[in-house]
There are 2 protein chains.
Amino acid sequence: MTGTLYGIGVGPGDPELMTVKAVRILQSAPVIAYPAADDGDSSARMIAAQFIPGEAIEMAIRVPMRPGRMPVEVYDQAARDIAVHLAEDRDVAVLCEGDPFFYGSFMYLHDRLAGTWPCRVVPGVSSLTACAAATAHPLVRRNDTLIVLPATLPDADLASRLEANNAAAILKVGRHLPRLRTIIEACGLTARTHYVEYASRDNEMVVRLEDRDDSPAPYFSMLLISEGDN
Amino acid sequence: MTGTLYGIGVGPGDPELMTVKAVRILQSAPVIAYPAADDGDSSARMIAAQFIPGEAIEMAIRVPMRPGRMPVEVYDQAARDIAVHLAEDRDVAVLCEGDPFFYGSFMYLHDRLAGTWPCRVVPGVSSLTACAAATAHPLVRRNDTLIVLPATLPDADLASRLEANNAAAILKVGRHLPRLRTIIEACGLTARTHYVEYASRDNEMVVRLEDRDDSPAPYFSMLLISEGDN
């Protein structure tokens, strides 16, 4: 007998946007792991906090916050630590902001463990649909195409994809906001673009792009370009 | 005082993939509406059934099942019926499979009502992330681009978008499966493609595209092309 590795999507931020299934699995998981900053703060853990049993073994995976670089040795070590529990027949639930397979760091553990151990992914509400709900504008309908783009792509790659599709989401806006504004304006899409930060959280902010100044945006902010109101 | 219109994402099929928030709102909603087939069957209602209070007023919106045509008069009438409840200060919760703003028919009610009445959207787990979870393969990571495509697009439009992006989801596969297979093969992407039907339901089926024959696929099936295993 071995334990099972669970990748648990805990949704975009509001604890009520966790699924019933995520809550059930957490409430009985003997070991709960989550990504954490150097100082130990974990956004994923904060979302799920009220559902974590007091007797659970907790494992903070401290990931240095340097965008663009994947700390291989951190995930190697975390995978070894998790495997110890799995080998001793303890399930391990890994908390994942949003959805585990939608730009989530859970993949790095999945890469290392899913070939050897039983693994299940519990999908969650992604930032994509949470941000769309926040804008109060339908994102895609009927035969629309939707492109999802990280803000780090080169200008020309962003522009060609924005022009080729009906709707778009640009992730990890952060310091790229002024550059993205220029591209979106050149594509004639500004009037259809919303800026969203901290979707579903107490500090959620949604504005039309034209009403957003160029002051710094948080890393997890998003631009959504929707088809409009039909 | 007026009621509020709620668009409630009930997720992809497993009732446990409903959010805590969706369950809470449904359990106290005086009026619950949902799309239904001509014969009255409603997939959205089946997902949420255990959370619908016996005393709720239920409203089945009977939508003729003819893909490609939006029955304007059905949504006009449903919007009028819903408005009667809102005017009398009763909240109306509309059940939406998956997520309300991700290719959902809730948009047709939103178009007609959100300009006049208070409206909130509760995001749900979309078919996109539910299907990715079912494949047990990460969909997008780091700086990947993702394209979401309805199967109804012309061949050349599908091919150019598949070739331009790292990952793809093709929705509403249904009768298009043989044609899609030819396009994906020509793009050299067959080995990275999974076929999924009824994700998260008891009759879920996941296979690699190369292991799926060309027998008829249900309308709500999906092809997922992921980046592979790193």
Side-chain angles (χ1 to χ4, degrees), chain A residues 7 9 11-12 14-21 23-24 70 98-104 106-108 110-111 114 119-126 128-130 132-150 152-153 157 160-161 164-165 199-200 226 229-230, chain B residues 7 9 11-12 14-21 23-24 68 70 98-104 106-107 110-111 114-115 119-126 128-130 132-150 152-153 157 160-161 164-165 200 226 229-230:
Chain A
D14 177 352
E16 273 210 303
L17 292 179
M18 290 177 62
T19 64
V20 173
K21 185 169 187 174
V23 169
R24 174 176 60 78
M70 200 271 278
D99 177 86
F101 278 171
F102 188 78
Y103 298 101
F106 175 70
M107 297 174 199
Y108 306 131
H110 186 270
D111 291 342
C119 179
R120 295 275 173 80
V121 168
V122 178
V125 174
S126 69
L128 181 69
T129 59
T135 68
H137 282 71
L139 181 58
V140 271
R141 60 176 85 206
R142 299 171 68 76
N143 292 325
D144 286 348
T145 63
L146 168 69
I147 182 78
V148 182
L149 301 164
T152 46
L153 290 187
D157 290 350
S160 65
R161 287 172 174 80
N165 295 289
S200 86
S226 56
D229 297 325
N230 215 14
Chain B
D14 177 352
E16 271 209 304
L17 292 180
M18 290 177 61
T19 64
V20 174
K21 186 169 187 175
V23 169
R24 174 177 60 79
M70 199 273 278
D99 177 87
F101 279 170
F102 188 78
Y103 298 101
F106 175 70
M107 296 174 201
H110 186 271
D111 291 342
C119 179
R120 295 276 172 78
V121 168
V122 178
V125 173
S126 69
L128 181 68
T129 60
T135 68
H137 282 70
L139 181 59
V140 271
R141 60 175 86 207
R142 298 172 67 77
N143 292 324
D144 285 348
T145 62
L146 168 70
I147 182 77
V148 182
L149 301 165
T152 45
L153 289 186
D157 290 349
S160 65
R161 286 172 174 80
N165 295 289
S200 88
S226 56
D229 297 324
N230 213 9

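Values below: all heavy atoms of this structure, side chains included; hydrogens, waters and symmetry mates excluded. Chain identifiers are assigned alphabetically (A, B, ...) following the order of the sequence lines, protein sequences preceding nucleic acid strands; residue numbering begins at 1 within each chain.
- Heavy atoms of A:L153 lying under 4.5 Å from chain B belong exclusively to its side chain.
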Practice task
In sequence, state the C-alpha distance, the side-chain angles, and the governing distance for A:N165 and B:R161, and then conclude on side-chain contact (heavy atoms from CB on, under 4.5 Å).
Solution key: CA-CA 9 Å; A:N165 295 289; B:R161 286 172 174 80; 2.9 Å; yes

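- The shortest distance between side-chain heavy atoms of B:V140 and A:V148 does not fall below 4.5 Å.
- Partners of B:R24 according to the side-chain hydrogen bond (donor to acceptor under 3.5 Å, both in side chains) rule, which considers only residues two or more places apart in sequence or in another chain, are A:E16.
- Here the CG atom belonging to B:L146 is positioned 9.0 Å from the CG atom belonging to A:L149, to the nearest 0.5 angstrom.
- Rounded to the nearest 0.5 Å, atoms CG (A:D144) and CZ (B:F102) are 10.5 Å apart.
- For chain A, the option among B:V121, B:V122, B:V23, B:T19 with the highest count of heavy-atom pairs below 4.5 Å is B:T19.
- With rounding to the nearest 0.5 angstrom, the OH atom of A:Y108 is 4.0 Å from the CZ atom of B:R142.
- Taking the side chain to side chain contact (heavy atoms under 4.5 Å, CB included) definition, one finds that A:P123 meets it with A:D99, B:L17, B:V125, B:T129, B:A130, B:A133, sequence neighbours left out.
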Practice task
Verify side-chain contact (heavy atoms from CB on, under 4.5 Å) between A:D14 and B:K21, making sure each step is shown before the conclusion.
Solution key: CA-CA 9 Å; A:D14 177 352; B:K21 186 169 187 175; 4.1 Å; yes

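- B:T145 has its side chain within reach of A:P150: a pair of non-hydrogen atoms, C-beta onward, lies under 4.5 Å apart.
- Only the side chain of B:T152 comes within contact range of chain A, with heavy atoms under 4.5 Å apart.
- Residue contact with chain A, scored on non-hydrogen atoms closer than 4.5 Å, is absent for B:D157.
- For the pair A:H137/B:F101, no side-chain contact is recorded, criterion being any heavy-atom separation below 4.5 Å from C-beta on.
- Put simply, of B:V20, B:L139, B:T135, the one with the most heavy-atom pairs under 4.5 Å next to chain A is B:V20.
- The parts of A:A132 that come within reach of chain B are both its backbone and its side chain, each placing non-hydrogen atoms under 4.5 angstrom from that chain.
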